[in-house]
Student: 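Could you have a look at this structure, given as structure tokens, before my questions?
In what follows, chains carry the letters A, B, and so on, assigned in the order in which the sequence lines appear, proteins first and then strands, with residues in each chain numbered from 1.
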Number of protein chains: 2
Amino acid sequence: MAENRYHYQAEMLKALAHPTRLQILELLKGGELCVCKIVPELQMEQSNVSRHLNILKKEGLVSSRKEGLKVFYRLADLRIHDLLEASSELLKIFWERRQKTLV
Amino acid sequence: MAENRYHYQAEMLKALAHPTRLQILELLKGGELCVCKIVPELQMEQSNVSRHLNILKKEGLVSSRKEGLKVFYRLADLRIHDLLEASSELLKIFWERRQKTLV
DNA sequence: TTGCTATATATAAATCTATTCATATAGTAC
DNA sequence: GTACTATATGAATAGATTTATATATAGCAA
């Protein structure tokens with residue numbers, strides 16, 4: 001458990017590195033959303049969505065507020081966009097490169 | 001195995017999301033390196049380093065060339081910097097935020 | 001109070017990941 | 001050919017992650 005810089009950086013990236021969690025963050029780009037709006041977008045149990053939201057929250061990537069029975073989640077910082085876009089960008093580059101080498 | 005965009009993006013981020021692999025990428029920022037130079041930098045078995053290098057390679061993040069007995073690895077694309085820096089940036093923001101709320 | 005709704009959590013099973021040790025492969029030198 | 005070096009891989013294990021099912025909690029309404 002060497003808790004150096006790389007350790008913490010890896011923890012944050014690990015929180016991002018799941019298709020469901022990426023999709024949740026994408027949904028939240030449009031603004032805060034109630035869990036009750038997030039669940040129907042994902043083909044997945046409510047309990048499971050709740051766990052993924054918790055993982056994002058523990059890593060500080062999203063925050064939430066309660067309003068009656070409902071809980072609304074939002075991106076904790078808009079600079080999360082930059083990270084997601086840098087990774088989309090790389091993905092596109094690698095994809096195109098792979099296409100070329102296959103032709 | 002729903003292989004959509006989020007799936008591939010998550011795969012790439014998962015390859016990044018390990019302290020050892022982040023450190024390897026950091027080392028490679030300085031230019032290509034022989035495995036024999038990478039191993040001593042990491043407190044870790046050679047076989048394990050080899051596996052981590054392979055994970056990075058399979059994801060397209062690094063590439064390698066052979067020269068005699070030695071194998072040299074390098075970043076596959078310099079835009080990997082952007083991704084790593086975006087994540088460092090976020091990490092710093094979250095860290096500072098945490099410090100403030102603890103004071 | 002009871003009943004209902006929205007969200008979270010406990011537990012367990014299945015799957016995936018990281019690690020080590022031992023061994024294999026590939027290249028060089030003799 | 002043998003001996004040596006650098007890197008990769010197989011097999012086993014330990015540990016972490018994801019998921020589903022069931023249950024718990026919290027807030028509202030009557």
Student: At under 4.0 Å between heavy atoms, which parts of nucleotides 24-30 of chain D does protein reach? Answer with one letter per nucleotide, 5' to 3': B base, S sugar-phosphate only, - none.
Tutor: --BBS--

Student: Within less than 4.0 Å of OP1 or OP2 of dA6(C), is there a side-chain N or O belonging to Y73(A)?
Tutor: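 No.
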
Student: Is any side-chain N or O of N48(A) closer than 4.0 Å to OP1 or OP2 of dA20(D)?
Tutor: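 N48(A) to dA20(D) OP1/OP2: side-chain N or O found under 4.0 Å.
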
Student: Charged N to carboxylate O below 4.0 Å: is that the case for E45(B) and R51(B)?
Tutor: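 Looking at E45(B) and R51(B), the cut-off is not met.
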
Student: Whether K70(B) contacts dG27(C) is assessed here as follows: a side-chain N or O lying under 4.0 Å from the phosphate OP1 or OP2. Is that the case?
Tutor: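 Answer is no, no contact under 4.0 Å.
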
Student: Starting from C1' on dA26(C), measure out to CZ on F72(B) and report it in whole angstrom.
Tutor: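 Between C1' of dA26(C) and CZ of F72(B): 16 Å.
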
Student: With a 3.5 Å cut-off and heavy atoms only, can you find an N or O donor on one side and an acceptor on the other between the side chain of R21(B) and the base of dA18(C)?
Tutor: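 Side chain to base: no pair below 3.5 Å.
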
Student: May I have the distance from I24(A) (atom CD1) to dT18(D) (atom P), rounded to whole angstrom?
Tutor: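 Result: 11 Å.
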
Student: Starting at NZ of K58(B) and ending at C1' of dT17(C), how long is that distance when rounded to a whole Å?
Tutor: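 From K58(B) NZ to dT17(C) C1': 11 Å.
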
Student: Looking at H52(A), does any N or O in its side chain come under 4.0 Å of the phosphate oxygens OP1/OP2 on dT17(D)?
Tutor: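 Answer is no, no contact under 4.0 Å.
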
Student: Rounded to whole angstrom units, what separation is found between the CG atom of L56(B) and the C1' atom of dT7(D)?
Tutor: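 It works out to 16 Å between those atoms.
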
Student: Does any N or O in the side chain of R74(B) come within less than 3.5 Å of the main-chain N or O of L33(B), such that one atom is a donor and the other an acceptor?
Tutor: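 Absent.
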
Student: Check the distance between dA16(D)'s P and L13(A)'s CG and give it to me in whole angstrom.
Tutor: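 Spelled out: CG on L13(A) to P on dA16(D) is 19 Å.
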
Student: If each of C36(B) and I55(A) is mapped to the nucleotide of DNA chain D with the nearest heavy atom, which maps nearer the 5' terminus, i.e. the 5' end?
Tutor: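 In this pair, the answer is C36(B).
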
Student: How is E45(B) classified with respect to the nucleic acid when contacts are heavy atoms under 4.0 Å: base, sugar-phosphate, or nothing?
Tutor: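 Since only primed, P, OP1 and OP2 atoms lie under 4.0 Å of E45(B), the category is sugar-phosphate.
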
Student: Check the distance between dA6(C)'s C1' and I38(A)'s CD1 and give it to me in whole angstrom.
Tutor: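 My rounded result for the distance is 13 Å.
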
Student: Would you mind telling me which of dT7(C), dA8(D), dC21(C) lies closest to the side-chain atoms of V35(B)?
Tutor: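 Nearest to the side-chain atoms of V35(B), counting from C-beta on, is dA8(D).
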
Student: Can you tell me if S88(B) uses its side chain to pair, donor with acceptor, with the backbone of L84(B) under 3.5 Å?
Tutor: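 Indeed, once roles are kept as given, a pair shorter than 3.5 Å links the two residues.
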
Student: Taking atom types as they are modelled, is there a donor-acceptor pair under 3.5 Å from the base of dA8(D) to the side chain of Q46(B)?
Tutor: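 For Q46(B), whose side chain was compared with the base of dA8(D), there is a donor-acceptor pair (under 3.5 Å).
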
Student: Can you give me the closest heavy-atom contact between A10(B) and L22(A), atom names plus distance?
Tutor: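 Heavy atoms of A10(B) and L22(A) come nearest at N-CD1, 3.5 Å.
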
Student: Can you tell whether the side chains of K14(A) and E59(A) come within less than 4.0 Å, N to carboxylate O?
Tutor: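 Salt bridge: no.
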
Student: Taking atom types as they are modelled, is there a donor-acceptor pair under 3.5 Å from the base of dT7(C) to the side chain of S47(A)?
Tutor: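 Side chain to base: no pair present.
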
Student: The side chain of M44(A) lies closest to which of these nucleotides: dT19(D), dT7(D), dT7(C)?
Tutor: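 Out of dT19(D), dT7(D), dT7(C), the nucleotide with an atom closest to M44(A)'s side chain is dT19(D).
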
Student: For residues 33-90 of chain B, which residue pairs pass the ring-ring contact (aromatic ring centres under 6.0 Å, His included) check, not counting sequence neighbours?
Tutor: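 Matches after skipping sequence neighbours: H18(B)-H52(B).
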
Student: Assess whether a salt bridge exists between K29(B) and E26(B), defined as any Lys/Arg side-chain N lying under 4.0 Å from an Asp/Glu carboxylate O.
Tutor: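 Looking at K29(B) and E26(B), the cut-off is met.
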
Student: Give a yes/no on whether any side-chain N or O of H18(B) is located under 4.0 angstrom from OP1 or OP2 of dT19(C).
Tutor: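 Answer is yes, contact under 4.0 Å.
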
Student: Among the nucleotides dT19(D), dC21(C), dT7(D), which one has an atom lying closest to any side-chain atom of R51(A)?
Tutor: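 Per side-chain heavy atoms of R51(A), the pick is dT19(D).
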
Student: Quick one: closest heavy-atom pair of R65(A) and E67(A), and the distance?
Tutor: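 Closest approach of R65(A) to E67(A): NH1-OE1, 2.6 Å.
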
Student: For the pair made of CG in L22(B) and P in dA18(C), what is the distance, rounded to whole Å?
Tutor: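 Nearest whole value for this atom pair: 12 Å.
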
Student: Mind calculating the distance between NZ (K14(A)) and P (dA16(D)) to the nearest angstrom?
Tutor: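 Whole-Å distance recorded here is 9 Å.
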
